[in-house]
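These notes concern the structure reproduced below.
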Amino acid sequence: MSISINLLKIKSSLPSTVTLVAVSKTKPIPDLMEAYNAGQRIFGENKIQEMAEKWEAMPKDIEWHMIGHVQTNKVKFMAPFVSLIHGVDSLKLLHEINKQAQKNNRIIDCLLQVYIAEEESKFGLDEEELAGIIRFITQNNEIYKNIRIVGLMGMATFTDNQNQIKKEFTHLKSIFDRINQLPTSNFQLLTLSMGMSGDYQLAIECGSTMVRIGSSIFGGRI
Ligand SMILES: *Cc1c(COP(=O)(O)O)cnc(C)c1O
């Protein structure tokens, strides 16, 4: 099936409250342009260099989301244009994003990545670390004027066990709800980024507001 048909099928199946990030990592510009011409305006990449090259080559009304793990020393390469950074997992990184956003006269939206999987390899914060970061940013909001924490992101364990995945997504949703009730935070988290090609329907049932879908749109990656 073609990219545009895949895209339109998925889009029509999503509730209107759920935002689709088309994950185009490793895919060439013509593939992205096919999705663009079918109306897609939000693309997700996991490498800063690759995202910057695609940003330069593509139309400028696209929102670029960084969905991969971010190294502090590379933030400067995306700070001029990135719309949302999904994988923020430390104060050090938030500090650098704020600094680079300031240099570019921008406010950059960020999601804090929460660790929900049973795998060792997934990045992210636990609930206590998360609450600590939110408290710190709230207390120092005069300094962190150029970032906005708008939500949370998480990845479930890579498994066929639907119960396991559902448990992890439900856990993330409950953290999201609790953080929104904290008296210490003066902002609302609106975005809950969870769900990929294999598990997005389940993620939506569990309260996702943003799904990151790659292979079901663009085909498998090598
Ligand atoms: C690659 C990637 C996706 C998309 O994965 P698919 O299974 O191809 O849909 C989503 N989120 C993150 C963080 C990714 O790295």
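Just so we're clear, the structure is a prediction, and the values are computed from it rather than from any experiment. Every number for a ligand or one of its atoms is a count from 1 in the order of the listing.
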Starting from atom 5 (O) of ligand 1, what is the nearest protein heavy atom, named by residue and atom, and what distance separates them? M196 CE, 3.5 Å
Heavy-atom nearest neighbour in the protein, as seen from atom 2 (C) of ligand 1, with distance rounded to 0.1 Å: K25 NZ, 2.5 Å
Ligand 1 atoms in contact with I213 (distance to a heavy atom under 4.0 Å): 9 (O)
Between G214 and ligand 1, is there a nitrogen or oxygen pair with a distance under 3.5 Å? yes
Counting neighbours of NZ on K99 that are heavy atoms of other residues, nucleotides or ligands and sit closer than 6.0 Å, is the number greater than 12? no
Can you tell me if K60 has over 12 outside heavy atoms packed within less than 6.0 Å of its NZ? yes
Can you report which non-hydrogen protein atom sits closest to atom 9 (O) of ligand 1, along with the distance? S197 OG, 2.5 Å
For ligand 1, which atoms have a heavy atom of M155 less than 4.0 angstrom away? 13 (C)
Please state whether the rings of H86 and H65 are parallel, tilted or perpendicular, taking 30° and 60° as the class boundaries. tilted
Evaluate whether atom CG of D160 has more than 12 neighbouring non-hydrogen atoms of other residues, nucleotides or ligands under 6.0 angstrom away. no
Examine ligand 1 and decide if any of its atoms is less than 4.0 Å from a heavy atom belonging to R221. yes
Nearest option to atom 12 (C) of ligand 1, as decided by whichever heavy atom of I67, V211, D199 sits closest: I67
In terms of atom number and element, which parts of ligand 1 are under 4.0 angstrom from non-hydrogen atoms of R212? 4 (C), 9 (O), 10 (C), 11 (N), 12 (C), 13 (C)
May I ask you to decide if the ring planes of H69 and F123 are parallel, tilted or perpendicular, using 30° and 60° as cut-offs? parallel
Do other residues, nucleotides or ligands put more than 12 heavy atoms under 6.0 Å from the CD atom of Q164? yes
Contact summary for L32 and K27, nearest pair of heavy atoms: CD1-O, 3.6 Å
